[in-house]
Amino acid sequence: MQVPLLIDDFLRRAARLYPDKTAIVDGDDRFTYAEFQARVNQLSNALLGLGVGKSDRVCMLSPNSHYFLESFYATSQIGAVLVPLNYRLIDQDYRYILNHAEVTTLLVDHEFTDVIDGIRGDLDAVQNWIVCGGEGVAKHDWVDWDELIAGMPNTSPPEIDRDENDLLSINYTSGTTARPKGVMLTHRNCYINAYSLIAHLRVTHDDVELWTLPMFHCNGWGGVYALTGMGGTHVVLRTIDGGAIYNLIEQEGVTFACMAPTVLRTILDYPGKEAHDIRTQPRFVIAGAPPPAKFIERLEVELGWHFIQIYGLTETAPFLTSSQPDSVTAANDYQSRSRAGIPGIGVDIVLLDDAGNLVARDGESIGEICARSNVVFSGYWRQEAETAQVIVDGYFHTGDMAVWDERYNIKIVDRKKDVIISGGENISSPEIEDVLYRHPAVSDCAVVGVPNDKWGETPKAFVVLREAAKVGADELTEFCREQLAHFKCPTSFEFVAELPRTATGKLKKYTLRERERQATDV
Ligand code: AMP
């Protein structure tokens, strides 16, 4: 028998088996699974009434909210395609993405209608303007979400013919370099990714997830499906705030959270931690950028919580590998646990050199991570040439450079374009950053290659110091020399107030390189 893998199975199961269990906590609002499913059905029926049909693109532009969770399922069960948008973009990005994806229906948080109104004259394909949250925002053509669904039936929308290879979402990548690309994920990609999360992150019915990860980022890494399917509880967090995070962990008994290392840093450095009586020992799942080994140690030793690292990309739905204590990695070996780890079930990873040959599993030879798996996307929306560049000979080429060992344990050394080549030697910038993070005065840092007449390139470190900390370039140079080969040590330091990052916490190294290039051109 073959039953299509359709993502709305996950909510249907929870609503059937746990109708009275708390599905979502969002500020003062709480919804059971029965209520969650009812609101989803109402929105599906409303969208059908507005003429939204199979394969039509519906955009969601919002910080985390219960509306966001509802949008995933309301669109999927009528065969529409969700386009979740990063809410920290600017108007020209929105204009580009909404037109590129030919979005017909906008679901927009009340704080973001102004930015859309600023470009509405350019959005030819949009027919439906729906606003959520806030009160009485009846500007222009905006229709209030709750008013729209109020009169709608809360029963399932009519069945339509669907296939597991149908598009579920188009997720525009954060674009650390060029124009964002629309990653097409199918029901099948996301279904299998959700199973992987459940297995490898040990997601259970008793889990309470704090949404420290933006839901727009690769559909919350698939957590919106995995946790729902198991009947866990979603605790919505709208903005990252240390105090709110500790309050919610304490009050709601949070057991699970996913985040980029930069959010973990906020949590570790929050000065008021001692005041909270926390009875759970949450599992923190970190990805998106290399986590410094020191962060893992602080999380587990200072707070007594659990660290799991995963690695993946939007193009892989995203789960590819995980690193956690097991037969490969000892619990107190933080250096080893800061690696991306070993492949999940059904993920075939190879590391290839420039000629397409496998690199040795010796922990030293560097190759590009390439993956073959059912979680790999079906291509970039209307960008066939770009798709053909990354899916070659049946493998998706990630652009991440890594080493691996005899146990297939993978360590990312850099993004392909971020590797520093000094005197012909490859230098991994995360390796230097990892050392800098061990210095007590360093709060945040980024290392990039800068032009050098003699060596071609040498590492330069941009450093954010902790409040009231005082340290100079000489001391940091000395510190690096004690722990790194001489040629890997930064040849210059710049102390800055903050570092440029994307909304998903990735360092925008190209901005730093560009700034440096302009400074040297003058
Ligand atoms: P995105 O598609 O925005 O999720 O970005 C994917 C990219 O994030 C990958 O290609 C990696 O460069 C980076 N990334 C994700 N997880 C990790 C990790 N655990 N360690 C290092 N880099 C990571």
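The analysis underlying the following values was restricted to heavy atoms, covering all of them including side chains, and did not include hydrogens, waters or symmetry mates. Just follow the structure's listing: the first ligand is 1, and inside any ligand the first atom is 1.
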I want to know if ligand 1 touches Leu313 in the polar sense, i.e. an N/O pair below 3.5 angstrom. no

Heavy-atom proximity to atom 22 (N) of ligand 1 ranks first, among Ala340, Ala260, Ala289, Pro291, for Ala289

According to salt bridge (Lys or Arg N to Asp or Glu O under 4.0 Å), who are the partners of Glu209, at least two apart in sequence or on a separate chain? none

Over 60° means perpendicular and under 30° means parallel, so tell me whether Tyr73 and Tyr225 are parallel, tilted or perpendicular. perpendicular

Polar-atom distance check: Thr314 versus ligand 1, any N or O pair below 3.5 Å? yes

Does only the side chain of Asp400 get under 4.0 Å from ligand 1, or the backbone, or both, or neither? Count heavy atoms. side chain

Out of Lys181, Gln309, His217, indicate the one that has the non-hydrogen atom closest to atom 19 (N) of ligand 1. Gln309

Parallel, tilted or perpendicular: which one describes the rings of Phe495 and Phe493, with boundaries at 30° and 60°? parallel

Is there a heavy atom in Gly312 that sits closer than 4.0 Å to ligand 1? yes

Contact check, Val183 vs ligand 1, heavy-atom distance below 4.0 Å: no

Sequence neighbours left out, what passes ring-ring contact (aromatic ring centres under 6.0 Å, His included) with Trp455? Give chain and number order. none

Kindly confirm or rule out an N or O of Thr173 lying under 3.5 angstrom from an N or O of ligand 1. no

For Trp404 and Tyr408, take the angle between the two ring planes, folded into 0 to 90°, and tell me which bin it lands in: parallel under 30, tilted 30 to 60, perpendicular over 60. perpendicular

Looking at Ser322, Cys218, Gly288, Pro318, the heavy atom closest to atom 14 (N) of ligand 1 belongs to Gly288

